[in-house]
Participant: 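Sharing a structure below in C-alpha cells format, with a few things to ask.
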Number of protein chains: 2
Amino acid sequence: MKNSTHVYNPHVSVDCVVFGFDGEKLKVLLIERTIEEQNFSDKKLPGSIIFEDEDLDEAAIRILNELTGLKNIYLSQFHSFGNPQRTKNMRDKNWLEKLTNMKIGRIVTVGYVALIKISRKIIFESENTAANWYDVSSLKSLRLAFDHNEIADTALEHIRHKVKSEPSMLFELLPQKFTMTQLRNLYDIIMGTTSDVRNFKKKIMQIEGLEQLDEVQKDVPYRAPRLYRFDKKVHKKNTRKLYS
Amino acid sequence: MKNSTHVYNPHVSVDCVVFGFDGEKLKVLLIERTIEEQNFSDKKLPGSIIFEDEDLDEAAIRILNELTGLKNIYLSQFHSFGNPQRTKNMRDKNWLEKLTNMKIGRIVTVGYVALIKISRKIIFESENTAANWYDVSSLKSLRLAFDHNEIADTALEHIRHKVKSEPSMLFELLPQKFTMTQLRNLYDIIMGTTSDVRNFKKKIMQIEGLEQLDEVQKDVPYRAPRLYRFDKKVHKKNTRKLYS
DNA sequence: ACAAAAGTGTTGCCCATACACCCATGT
DNA sequence: ACATGGGTGTATGGGCAACACTTTTGT
C-alpha cells in the first residue's frame with residue numbers, strides 16, 4: 001500500500017460456465033472464436049468485462065441474457081482468477097484488444113456457474129457470436145482460450161460440492177417434466193457415481209417439492225417411464241432450516 | 001462488449017478475514033482505523049490493492065505477511081464483492097484516497113479466509129497500522145468500514161461449510177498441543193452445535209494424523225486434561241481419496 | 001471434603017447399502 | 001417371442017445419538 005507505483009488497476013470481467021443436460025450427457029456452452037487473419041478457430045467461455053456501474057452478479061445476468069435471451073437463470077459465483085499471466089498469450093491479447101478497442105493489460109475474472117434447461121430452444125446467434133453445447137467429457141481434449149480450461153474444471157468441482165449440500169439444484173438442469181432415470185443419470189454424471197436404481201429413488205424422493213405425476217413419457221420403444229416434476233415453491237416453503 | 005464507453009476498470013483488492021482461537025472464543029483480526037481530522041475511529045479487515053504483477057493468492061500471502069510476519073498461513077479464497085456502492089461512502093473514499101494517493105472510483109475485492117494459531121506471538125504494529133483480535137460474536141455490534149461486515153459474515157459461512165468437508169482445517173487454529181475440550185469447543189463455536197463429549201471424541205479420532213500424547217496440560221486447578229497433536233504429514237499420506 | 005472439569009462404554013435406532021425378479025411396450 | 005429398459009421391497013450391518021458415573025487435582 002505504501003508504494004503506490006506498484007499499484008495498478010486491471011480490468012475485471014465475469015466468465016460464465018453454463019451447464020446444460022440433454023438427458024444423457026452433461027454439456028457446457030462454449031463460444032466459437034474465429035480469428036480470420038490467422039485462419040484460426042477455437043472456443044471460449046462466455047464472458048465480458050464488467051460495466052462501470054454494474055455489480056458482479058448483474059454482469060453475469062447480463063452476459064447470459066445477451067447470449068440466450070433468458071432471465072432468471074440459476075447463478076452461483078464460485079471463484080476468481082487473477083494470475084497476471086492469464087491474458088499474456090499474444091493471440092488472446094490481440095483478439096481482446098481488437099474486440100474491445102482498448103489496450104488490455106491484465107484481467108481479473110470472476111467465475112460464475114449457470115445452470116439452464118437445455119430444452120428451452122435458445123437463440124445462440126447474437127450478432128457476431130455463435131455458441132454451441134459441448135460434452136463436458138470432451139473438455140479435456142479441447143484447448144480453450146485463456147485459462148478457460150482451468151476455470152471450467154473449477155466450476156465442475158464447484159457444482160460437485162454444491163450438489164451434495166443442495167441437491168435440488170439438479171432440477172435447474174432438467175425440463176419441467178423428467179424421468180427418474182434422467183435425474184439419476186444427471187446425478188451420477190456430476191458426482192461420478194453409479195447409483196443403485198432403488199436406493200436412489202428412495203433418497204431423492206425425500207426432497208420436498210419433488211413429486212411423481214400420473215403421466216408417462218410418450219413415444220418410447222419400450223415400457224413408458226413415469227414423469228416427475230419439481231415444485232420450487234413447495235420446496236422453499238418446507239425447506240427452511242435444512243441443509244444441516 | 002460492443003459499447004466500450006460503458007466499460008471501466010476498477011481497482012482490485014484482496015481482503016482477508018483472519019480467524020484465530022484463544023481456547024475459548026473464535027476471534028477475528030481487525031485493523032484499527034483512525035481518522036484524526038474527524039476524531040473518528042473504527043475497524044476494518046486487513047486488505048490491500050493488488051500489485052501490478054501479483055496473483056490474487058500472492059496478494060493475500062503478502063498482506064498477511066506484512067501484518068503478522070508469518071509465512072505458510074492457511075488461506076482459502078471464498079467470494080468476491082463488486083457492488084459499485086461498496087466504496088461510495090464518503091468517509092471510506094476519502095480515507096482511501098489519502099492513504100493511496102490515488103483517485104479511487106470503485107474497488108472489486110476478493111475475499112480470503114486465513115486461519116492462524118493465535119498462540120504464536122505476533123507483531124501487529126507495522127508502521128502505521130495496529131491490529132487486534134475481536135470476538136466473532138461481537139461482530140454484529142461493530143460497524144466495520146466498507147462492506148466488511150458482510151464480507152466477514154460470508155467468511156464465517158464459508159468456514160462452516162468447509163469444516164464439514166475438511167474437518168482437519170480446525171487444527172490450523174489450535175496450538176501444536178491442545179486438549180480435546182479445546183478442539184470440541186472450537187468445532188462447536190464454528191458449527192453452532194453442542195456436541196456430546198464422548199461421541200465427539202469417537203468421531204474426531206477417526207481423522208488420520210490426530211493422536212493422543214502421553215502428556216497432560218500443566219498448571220490447571222483441576223484434573224489435568226490430556227494433550228493431543230495433529231501431524232499434517234501423516235494426515236496427507238493417508239487421506240488421499242477421502243472427502244467423498 | 002468439596003468443587004471443577006476430565007475421562008470413559010454400551011445400547012438402541014435409523015439410515016444406507018446390497019440385492020433379483022417381474023412388467024410394459026414396440027418390433 | 002423377444003429385446004429393451006422400467007419399476008418395485010426386504011433384510012442386514014454400521015454409524016450415530018443418547019446417556020451417567022467415576023477419577024483426578026487443587027483449595
Side-chain angles (χ1 to χ4, degrees), chain A residues 21-25 163-165 167 170 174-175 177-208 210-230 239 241-244, chain B residues 21-25 163-165 167-168 170 174-175 177-208 210-229 239 241-244:
Chain A
F21 180 64
D22 67 358
E24 305 203 332
K25 303 254 191 174
V163 164
K164 262 186 278 188
S165 61
L170 292 172
L174 290 163
K177 297 176 181 179
F178 49 87
T179 68
M180 191 51 68
T181 303
Q182 287 170 345
L183 176 53
R184 183 166 38 79
N185 280 347
L186 176 57
Y187 178 90
D188 280 343
I189 289 173
I190 293 177
M191 301 305 288
T193 51
T194 49
S195 304
D196 176 85
V197 185
R198 287 174 278 193
N199 294 337
F200 180 81
K201 181 174 177 181
K202 260 179 286 178
K203 199 170 82 178
I204 208 79
M205 289 305 288
Q206 293 170 357
I207 294 180
E208 284 287 339
L210 173 58
E211 55 183 20
Q212 198 173 43
L213 300 175
D214 289 328
E215 214 175 322
V216 294
Q217 201 171 47
K218 290 288 171 204
D219 300 321
V220 283
Y222 44 79
R223 175 173 178 178
R226 299 193 60 157
L227 292 173
Y228 297 77
R229 75 187 180 93
F230 176 69
T239 316
K241 57 193 172 213
L242 249 77
Y243 301 148
S244 65
Chain B
F21 180 64
D22 68 358
E24 303 204 333
K25 304 255 188 173
V163 163
K164 262 187 277 188
S165 61
S168 65
L170 292 172
L174 290 163
K177 297 176 181 180
F178 49 87
T179 69
M180 191 51 68
T181 304
Q182 286 170 345
L183 177 54
R184 182 167 38 80
N185 279 348
L186 175 57
Y187 178 90
D188 281 343
I189 289 173
I190 293 178
M191 300 306 288
T193 51
T194 49
S195 304
D196 177 85
V197 185
R198 286 173 280 191
N199 294 338
F200 181 81
K201 181 173 176 179
K202 259 179 286 179
K203 198 169 85 180
I204 208 79
M205 288 306 287
Q206 293 170 358
I207 294 180
E208 284 287 341
L210 173 57
E211 53 182 24
Q212 199 174 43
L213 300 176
D214 288 327
E215 214 175 323
V216 293
Q217 201 171 48
K218 291 288 170 201
D219 300 321
V220 283
Y222 45 78
R223 176 174 178 178
R226 297 193 61 158
L227 291 172
Y228 296 76
R229 75 187 180 93
T239 316
K241 57 193 174 213
L242 250 78
Y243 299 148
S244 66

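No hydrogens, no waters, no symmetry mates; every other heavy atom, side chains included, goes into these values. Throughout, protein chains are lettered first and strands after them, A, B, ... in sequence-line order, and every chain is numbered starting at 1.
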Participant: Step through the shown structure and confirm whether more than 12 heavy atoms of other residues, nucleotides or ligands are within 6.0 Å of CD on B/Glu24.
Facilitator: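 12 or below, so no.
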Participant: Is there side-chain contact between A/Ile207 and A/Thr239, with at least one heavy-atom pair below 4.5 Å?
Facilitator: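 Side-chain contact under 4.5 Å: no.
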Participant: Please name the pair of heavy atoms, one in A/Phe178 and one in A/Phe230, separated by the smallest distance, quoted to 0.1 Å.
Facilitator: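 Taking A/Phe178 first and A/Phe230 second, the nearest heavy atoms are CE2-N, 4.1 Å.
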Participant: Over how many whole Å does the gap from A/Gln206 atom CD to C/dC15 atom C1' extend?
Facilitator: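 After rounding, the gap between these two atoms is 9 Å.
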Participant: Write down the distance between CG (A/Asp219) and P (C/dG26), rounded to a whole number of angstrom.
Facilitator: 9 Å
Participant: Please report the distance, rounded to the nearest Å, between OH in B/Tyr222 and C1' in C/dA4.
Facilitator: 8 Å
Participant: I'd like to check A/Leu213 versus A/Arg226 (side-chain heavy atoms, cut-off strictly below 4.5 Å). Are they in contact?
Facilitator: no
Participant: Would you grab the first and last nucleotide of DNA chain D (5' to 3') that comes under 4.0 Å of any non-hydrogen atom in chain B?
Facilitator: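 Nucleotide range with atoms under 4.0 Å of chain B: D/dA17 to D/dG26.
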Participant: Please find the pair of heavy atoms, one from A/Leu186 and one from A/Leu170, that lie closest to each other, and give the distance.
Facilitator: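 Heavy-atom minimum between the residues: CD2-O, 3.5 Å.
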Participant: When the distance from CD of B/Glu24 to C1' of C/dA5 is rounded to whole Å, what number comes out?
Facilitator: 13 Å
Participant: Measuring from A/Asp22:CG to A/Lys25:NZ, what's the distance to the nearest 0.5 Å?
Facilitator: 8.5 Å
Participant: A side-chain contact here means heavy atoms from C-beta on lying under 4.5 Å apart; do A/Met205 and A/Glu211 qualify?
Facilitator: no
Participant: Dump the pairs, protein N or O against N or O of nucleotides 7-12 of chain C, anything under 3.5 Å, distances to one decimal.
Facilitator:
residue : atom : partner  : partner atom : Å
C/dG7   : OP1  : B/Arg226 : N            : 2.6
C/dT8   : OP2  : B/Lys201 : NZ           : 3.2
C/dG9   : O6   : B/Arg198 : NE           : 3.3
C/dG9   : N1   : B/Arg198 : NH1          : 3.4
C/dT10  : O4   : B/Lys202 : NZ           : 2.9

Participant: Can you tell me if A/Thr194 and A/Asp188 form a side-chain donor-acceptor pair at under 3.5 Å?
Facilitator: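 Absent: no donor and acceptor within the cut-off.
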Participant: Evaluate whether atom CD of A/Gln212 has more than 12 neighbouring non-hydrogen atoms of other residues, nucleotides or ligands under 6.0 angstrom away.
Facilitator: yes
Participant: Are the side chains of B/Ile189 and B/Phe21 in contact, using a 4.5 Å heavy-atom criterion?
Facilitator: yes
Participant: Quick one: bend of the helix from C/dA1-D/dT27 to C/dT27-D/dA1 from 5 pairs per end, to 10°?
Facilitator: 0°
